[in-house]
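The figures that follow rest on heavy atoms only: side chains count, while hydrogens, waters and symmetry mates do not. Nothing here was measured: the structure is a model prediction, and the numbers come from that model.
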Amino acid sequence: MKIISRILSILLFVVFFGFALQNKDSVNLQFFPGTTMQGPLVLFLLGFFVFGAILGVLAMAPAVFRHRRNATKTKKALTSMQKEQEAQRLAESQAPQPDSIKNI
């Protein structure tokens, strides 16, 4: 699976590199009326891709932190339950202790 992933990554790199070589012409990018930027198409595409990836990571961050917090709580609960279960097994395996006799 690792080899297939590497081959696919190399293939995508070659395709995108070829795309970049073919599209090095300057384009005008108009954001708002009166605001224009001029530059290579490939740089604009790369910039918007990186911006979108950053936005995607930021959008996922709260859910990731929530899942991590829940996983930590679950691990703590599981550990305490295992300790209680081990203590119960230890108590069951020991012979019962005789009651102490009190002098009246």
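Separating the CG atom in N28 from the CZ atom in F44 is a distance of 8.0 Å, to the nearest 0.5 Å. The distance from the NZ atom of K75 to the CG atom of L78 is 10.0 Å, given to the nearest 0.5 Å. If you take NE2 on H67 and CE on M60, they are separated by 9.0 Å, rounding to the nearest 0.5 Å. The line from NZ of K76 to OG1 of T79 is 9.5 Å long, rounded to the nearest 0.5 Å. In this structure, CD on E86 lies 9.5 Å from CD on Q82, to the nearest 0.5 angstrom. In this structure, F49 CZ and I54 CD1 are separated by 10.5 Å, a value rounded to the nearest 0.5 Å.
For L21, the CG atom is densely surrounded, since the number of other residues' heavy atoms within 6.0 Å is greater than 12. Within a 6.0 Å radius of CD in Q38, more than 12 heavy atoms belonging to other residues, nucleotides or ligands are found. Other residues, nucleotides and ligands place more than 12 heavy atoms under 6.0 Å from the CZ atom of F31.
Note on V42: it does not cluster hydrophobically with F48, by side-chain heavy-atom contacts below 4.5 Å among ILVMFWY residues. One hydrophobic cluster, built from ILVMFWY side chains closer than 4.5 Å, cannot hold both F32 and F51; they sit in different ones. By the criterion of side-chain heavy atoms lying less than 4.5 angstrom apart, applied directly or through intervening Ile, Leu, Val, Met, Phe, Trp or Tyr residues, F17 is not grouped with F19; the two fall into different hydrophobic clusters. Linking Ile, Leu, Val, Met, Phe, Trp and Tyr residues whenever their side-chain heavy atoms come within less than 4.5 Å places L58 and V50 in a single cluster. Using a 4.5 Å cut-off between side-chain heavy atoms of Ile, Leu, Val, Met, Phe, Trp and Tyr, with links allowed through other members, L43 and L29 fall into different hydrophobic clusters.
Formation of a donor-acceptor pair under 3.5 Å by the S5 side chain with backbone atoms of M1 is not found in this model.
Ion pair R89/E92 not flagged as a salt bridge, since none of the NZ, NE, NH1 or NH2 atoms sits closer than 4.0 Å to an Asp/Glu carboxylate oxygen.
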